[in-house]
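Keep in mind that what you see is a predicted model, and the values were worked out from it rather than measured.
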Amino acid sequence: MEGTESVGSRARRFAKGQVVLVVSAVLAVVSMLVVPPSADYVGYIDVRMLCILFCFMAVVAGMRECHLFGAVAARLLAGRRSLRALCLILVLLPFFCSMFITNDVALITFVPFTILVLGMAGEGRSILPVVVLQTVAANLGSMLLPFGNPQNLFIYSRYGVGTGEMAMLLAPYVMVGGIVMCLMCARFATHEVHVDISRDRDVRSRGFLALMFVLFALCILTVLHVVPWQAVLVVTVLAIALTHRRVLARVDYGLLLTFVCLFVFTGNIAHIDAVSSALEGLMSWEPMLASLGISQVISNVPAATLLSGFTGDWQSLLVGVDVGGFGTPIASMASMISLGFYSKTEGADTRRYLVWFTAANVVMVAVLVCVYYVIGALRALPYKS
């Protein structure tokens, strides 16, 4: 009996710590009952994305091994300031950085940093709302440029879109959303907080840290298709294994498995004939709203890939899947990264997190949909020279 109870207790702890993985696994298994396993499953998995994500997580784990983020916190945030100013800085970091290093990487980098800093400031209760807003910020900032997120890269390549053309289309959404995001941050208290991180002031293993920066640059070049992902994967694994092998054990393999489960789920959904017929009808009606809605169920990256075969209106598709990244946790795979990190913090309340997450995302979706229709109305006005 004790052994059984011990196994059950471990299972409950695992499920509590890997909520997203458990849910995604259930979705994958249910979809397999409708679409039985076959050789097609191999094509579901985006191996390139998973390998790039692994490399980024390994490199960031290496940077954390060197106490880089503690040192950055000491330089930027140590001392006294208002809680509101502290939280705003933490939210703006992923907002701007996600434009260049993707929303996934921005969250992998700054959510652990945030948990560290707010813990040091004695503001553990602020971790939940700040991480929620960081997720919103990363998904918003990553909209602007082609390499900010996977769906932008796909549409950029699929339709031969120009970089400036894409940025001009999405800039109004990023600017208006950024204003709303800052207004959300204004709700934080103004009392003064003290961040004391003297114990993490110094960077360790500077030679290894320099290696991590080189690998980080290679990862970015891989996202831009400058360097083959296979080469970067091999170099990253070998470089870390030969220098600080224990860093490889700190990669979140549960997150990678979560992505695999979701790829299986979304791949199976696309193979249901009735669903395909319905998608064709939706895209002929209103591609932006259809893309937004479908992203809520299968996430925006698979939605972009799936729906591109049903429309030539890349602008509406792009806006739809980017705005569709807000909403449910599954709408953007980057959102699961934040949830995964938060669920592992001491005293994490996943249910409360989802309430906050839903509220912030509903507001952002409503605002950005309004921006879409306002822009459409302005373009429809007669032009007067």
Beyond-backbone contact of Val131 with Thr345, side-chain heavy atoms, under 4.5 angstrom:
no
Gap separating the CG atom of Asn139 from the CG atom of Asn300, nearest 0.5 angstrom
7.5 Å
Go through Phe208 and Val247 one step at a time and tell me if the side chain to side chain contact (heavy atoms under 4.5 Å, CB included) criterion holds.
CA-CA 11 Å; Phe208 181 66; Val247 169; 4.2 Å; yes
Can you see which heavy atom on Cys55 is nearest to which on Thr236, and at what distance?
SG-OG1, 3.8 Å
Just say parallel, tilted or perpendicular for the rings of Tyr353 and Tyr342, cut-offs at 30° and 60°.
parallel
For the residue pair Gly327 and Phe357, what are the closest heavy atoms and their distance?
O-CE2, 3.1 Å
Could you tell me whether a side-chain N or O of Arg250 sits under 3.5 Å from a main-chain N or O of Ala61, the two making a donor and an acceptor?
no
I need the single residue from Leu133, Ile179, Leu88, Val132 that forms a side chain to side chain contact (heavy atoms under 4.5 Å, CB included) with Met184. Which is it?
Leu133
At their closest point, which heavy atom of Gln151 faces which heavy atom of Ala304, and how far apart are they?
CB-CB, 3.9 Å
Salt-bridge present (Arg246, Glu65; N to O < 4.0 Å)
yes
When every non-hydrogen atom of Cys219 is compared with those of Val232, the smallest separation belongs to SG-CG1, 4.2 Å
Minimal non-hydrogen separation, Ala137 against Val91, with atom names
CB-O, 3.4 Å
Is the backbone N or O of Ala138 less than 3.5 Å from a side-chain atom of Ser98, with the two atoms forming a donor-acceptor pair by type?
yes
Linking I/L/V/M/F/W/Y whenever any side-chain heavy atoms sit under 4.5 Å apart, do Leu233 and Val226 land together?
yes
Gap between atom CD1 of Ile155 and atom CG of Leu317 - 0.5 Å precision:
4.0 Å
Under a 3.5 Å distance rule, please check whether Gln296 uses its side chain to pair with a backbone N or O of Phe326 as donor and acceptor.
yes
Taking the side chain as every heavy atom from C-beta outward, state whether Leu118 and Leu86 have any atom pair closer than 4.5 Å.
yes
Can you find a heavy atom in the side chain of His244 that is under 4.5 Å from one in the side chain of Ser205?
yes
When rounded to the nearest 0.5 angstrom, what is the spacing between CG in Leu218 and CZ in Phe56?
10.0 Å
Are any of the side-chain heavy atoms of Glu123 and Val117 separated by less than 4.5 Å?
no
Taking a hydrophobic cluster as the set of Ile, Leu, Val, Met, Phe, Trp and Tyr residues connected by side-chain heavy atoms closer than 4.5 Å, whether directly or through intermediates, do Val362 and Val297 fall within one such cluster?
no
Test Phe95 against Val174 for side chain to side chain contact (heavy atoms under 4.5 Å, CB included), laying out the working first.
CA-CA 10 Å; Phe95 174 71; Val174 176; 3.8 Å; yes
Distance-only polar pair, side chains of Asn152 and Ser142, donor-acceptor under 3.5 Å
no
Chi angles and distances behind the side chain to side chain contact (heavy atoms under 4.5 Å, CB included) call for Ser291, Met283:
CA-CA 8 Å; Ser291 304; Met283 293 305 286; 3.8 Å; yes
Is the gap between the ring centers of Tyr44 and Tyr41 under 6.0 Å?
yes
Taking Gln134 for the side chain and Leu90 for the main chain, is one N or O donor matched with an acceptor at less than 3.5 Å?
yes
Heavy-atom check, side chain of Leu140 versus side chain of Asp322, under 4.5 Å:
no
Within the side chain of Arg84, is there an N or O that forms a donor-acceptor pair under 3.5 Å with the backbone of Ala189?
no
Hydrophobic clusters here meaning ILVMFWY residues chained together by side-chain heavy-atom distances under 4.5 Å, can you tell me if Phe341 and Val355 are in one?
no
Any side-chain donor paired with an acceptor under 3.5 Å for Asn103 and Asn149?
no
Should Leu50 and Val301 be counted in the same cluster of Ile, Leu, Val, Met, Phe, Trp and Tyr side chains packed under 4.5 Å apart?
no
Could you walk me through whether Met212 and Leu215 satisfy the side chain to side chain contact (heavy atoms under 4.5 Å, CB included) test, starting with their C-alpha distance in whole Å, then the side-chain angles of each, then the deciding distance to 0.1 Å, before giving a yes or no?
CA-CA 5 Å; Met212 292 303 97; Leu215 293 177; 3.5 Å; yes
When rounded to the nearest 0.5 angstrom, what is the spacing between CG in Leu144 and CG in Leu170?
7.0 Å
Which heavy-atom pair separates Leu92 from Cys182 by the least distance, and what is that distance?
CD2-SG, 4.4 Å
Side chain to side chain, Leu83 and Thr190, heavy atoms closer than 4.5 Å:
no
Would you say Tyr373 ends up clustered with Val176 if hydrophobic residues are merged whenever their side chains have heavy atoms under 4.5 Å apart, either directly or through other cluster members?
yes
Quick check for you: to the nearest 0.5 Å, what is the distance between Tyr173 atom OH and Cys370 atom SG?
11.0 Å
So how far is it from Asp252 CG to Leu53 CG, rounded to the nearest 0.5 Å?
9.0 Å
Is the shortest side-chain heavy-atom distance between Trp314 and Leu169 below 4.5 Å?
yes
Flag the pair Leu282 / Ile294 as yes when at least one side-chain heavy-atom distance between them is below 4.5 Å, and no otherwise.
yes
